[in-house]
Q: 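Sending over a structure as structure tokens; questions will come in a sec.
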Amino acid sequence: MRKITFLAIFAVVGLSAWICLADGKETKGKETEEEEMAEEETQPWISPEDSAMFIEVFETYLDYDMDFANSSMKYAESMRKGAGKDYHKSRKHIDSMFHDCIELVKLGDYEKMLELLETERLNIYRHPGNSIDNEIGLVTVFAKMYNQIYPESTDSFYMKMLPKYQFMKTHIEVKRALTDEEEFHPIYEEILKIIDNAHEVLGNDSTYDKWY
């Protein structure tokens, strides 16, 4: 049920940005620097339902297999001396960050929550809880937040979101290659559509064709 819910929300949020494509192409480049600053200062409004979904996403990241985490730590150590210790330290740090994010949601401090998630995004990707299904939830959190911050600016939304979509695409492709799965994850086609339209909105600028 949780997997289906996240897939549905992800598709709706991505499609909403896609529908704004025409408006994004018409308005791109027309915003002044002052208007962009005003957008960034807009306080996001998050519904109780979304708040509950955010907490559920963060809790799923904390519910991971410790055997897998320990195996990953041993593998990291086998690749480089000290890497296992670094992996363990990073895992504990991200665990703590997700606990902090849960408390921030309860306090209604979504800006601080978003700041933490952006700061730690690359470390989250290395966390043992970062399965594809959990990542769908995380990207949905980002999309919900940036839809609030940039409600009238499709290009600004995609500038923030494209790296997340790009990494998810890569994550799915790598997992399929490593596991010899016959088919891609069900969300894969939706991600490709979102990425294609993001490039169209952004003028196919290769600067944004990266996940980091």
Q: Roughly how far apart are Asn130 CG and Thr60 OG1, rounded to 0.5 Å?
A: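 The CG atom of Asn130 sits 9.5 Å away from the OG1 atom of Thr60.
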Q: With a 4.5 Å cut-off on side-chain heavy atoms, are Val139 and Met161 touching?
A: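 Met161 vs Val139: side chains touch.
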Q: Taking atom CE of Met66 as the centre, report whether more than 12 heavy atoms of other residues, nucleotides or ligands fall under 6.0 Å from it.
A: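 More than 12 heavy atoms, drawn from other residues, nucleotides or ligands, come within 6.0 Å of this atom.
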Q: Any chance you could measure Asn123, atom CG, to His127, atom NE2, to the nearest 0.5 Å?
A: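 Rounded to the nearest 0.5 Å, the CG-NE2 separation comes to 10.0 Å.
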Q: Do the rings of Tyr146 and Phe142 sit parallel, tilted or perpendicular, given the 30° and 60° boundaries?
A: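 The rings of Tyr146 and Phe142 lie parallel, inter-plane angle below 30°.
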Q: Compute whether any side-chain donor of one residue and acceptor of the other, for Tyr188 and Glu173, lie under 3.5 angstrom apart.
A: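 Yes, Glu173 and Tyr188 have a side-chain donor paired with an acceptor closer than 3.5 Å.
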Q: To check you understand the geometry: which heavy-atom pair defines the closest contact between Met73 and Gly84, and what is its length?
A: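 Reported closest heavy-atom pair: CG-O, 3.2 Å.
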Q: Look at the rings of Phe98 and Tyr61 and say which category their plane angle falls in: under 30° parallel, 30 to 60° tilted, over 60° perpendicular.
A: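 Rings of Phe98 and Tyr61: parallel, as their planes differ by under 30°.
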Q: Mind checking whether Leu62 and Phe54 sit in one hydrophobic cluster, side chains of I, L, V, M, F, W, Y counted as touching below 4.5 Å?
A: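 Leu62 and Phe54: one cluster.
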Q: Taking all heavy atoms of Glu183 and all of Arg176, pick out the closest pair and write down the distance.
A: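 Nearest heavy atoms, Glu183 then Arg176: C-NE, 3.8 Å.
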Q: Between Ala69 and Arg91, what is the shortest heavy-atom contact and its length?
A: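 Taking every non-hydrogen atom into account, CB-CD, 3.9 Å.
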Q: Is it the case that the side chain of Ser90 and the backbone of Asp86 share a donor-acceptor pair, with hydrogens and angles ignored and the cut-off at 3.5 Å?
A: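 Checked: no pair found.
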Q: Going by heavy atoms in the side chains, are Gln166 and Thr170 under 4.5 Å from each other?
A: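 SC-SC contact between Gln166 and Thr170 ruled out.
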Q: Nearest 0.5 Å, please: how far is CD in Glu135 from CZ in Phe167?
A: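 Spacing of CZ (Phe167) from CD (Glu135) equals 5.5 Å.
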Q: Check for me, please, whether Tyr64 and Leu122 land in the same ILVMFWY cluster - side-chain distances under 4.5 Å, paths through other members count.
A: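 No.
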Q: To the nearest 0.5 Å, what is the distance between CD1 on Ile102 and CD on Glu56?
A: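 Going from the CD1 atom of Ile102 to the CD atom of Glu56 covers 11.0 Å.
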Q: Would a single hydrophobic cluster contain both Leu192 and Phe184, if residues Ile, Leu, Val, Met, Phe, Trp and Tyr are joined by side-chain heavy-atom contacts under 4.5 Å?
A: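 Shared cluster, yes.
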Q: Are Ile94 and Arg126 packed together at the side-chain level, in the sense that at least one heavy-atom pair is separated by less than 4.5 angstrom?
A: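 They are not in side-chain contact.
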Q: With the side chain counted from C-beta on, respond yes when Leu114 and Ile149 share a heavy-atom pair under 4.5 Å apart, and no when they do not.
A: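 Contact flag for Leu114/Ile149 side chains = yes.
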Q: What I want to check is whether the side chains of Tyr110 and Ser51 have a donor and an acceptor closer together than 3.5 Å.
A: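 Yes, Ser51 and Tyr110 have a side-chain donor paired with an acceptor closer than 3.5 Å.
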Q: Would you say that Ile46 contacts Val105 through its side chain, given a criterion of any heavy-atom pair below 4.5 Å between the two side chains?
A: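 No, their side chains stay 4.5 Å or more apart.
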Q: Shortest non-hydrogen contact from Asp155 to Val201?
A: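 Nearest heavy atoms, Asp155 then Val201: CA-CG1, 3.6 Å.
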Q: Are Ile136 and Met145 joined in one hydrophobic group, where the rule is that I, L, V, M, F, W and Y side chains link up if heavy atoms are under 4.5 Å apart?
A: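 Yes: a chain of side-chain contacts under 4.5 Å links Ile136 to Met145.
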Q: Scan Lys160, Lys164, Lys112 and name whichever one has a salt bridge (charged side-chain N to carboxylate O under 4.0 Å, His left out) with Glu118.
A: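 The passing option is Lys164.
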Q: Return the minimal non-hydrogen interatomic distance between Leu138 and Leu117, and the atom names on each side.
A: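 Closest approach of Leu138 to Leu117: CD1-CD2, 4.1 Å.
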Q: Report yes if the side chains of Val57 and Thr140 come closer than 4.5 Å at any heavy-atom pair, otherwise no.
A: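 In short, these two side chains do not touch, never coming nearer than 4.5 Å.
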Q: Can you tell me how far CD1 of Ile124 sits from CG of Leu116, rounded to the nearest 0.5 angstrom?
A: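 Spacing of CG (Leu116) from CD1 (Ile124) equals 9.0 Å.
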Q: Is Ser72 reaching over with its side chain to a backbone N or O of Phe68, donor-acceptor style, under 3.5 angstrom?
A: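 Side chain of Ser72 to backbone of Phe68: a pair is present.
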Q: Over all heavy atoms of both residues, which pair between His171 and Ser131 is shortest? Give the atoms and the distance, please.
A: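 That would be CE1-C, 3.9 Å.
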Q: Does the side chain of Lys175 come within less than 4.5 Å of His185's, by heavy atoms?
A: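 His185 does not reach Lys175 side chain to side chain.
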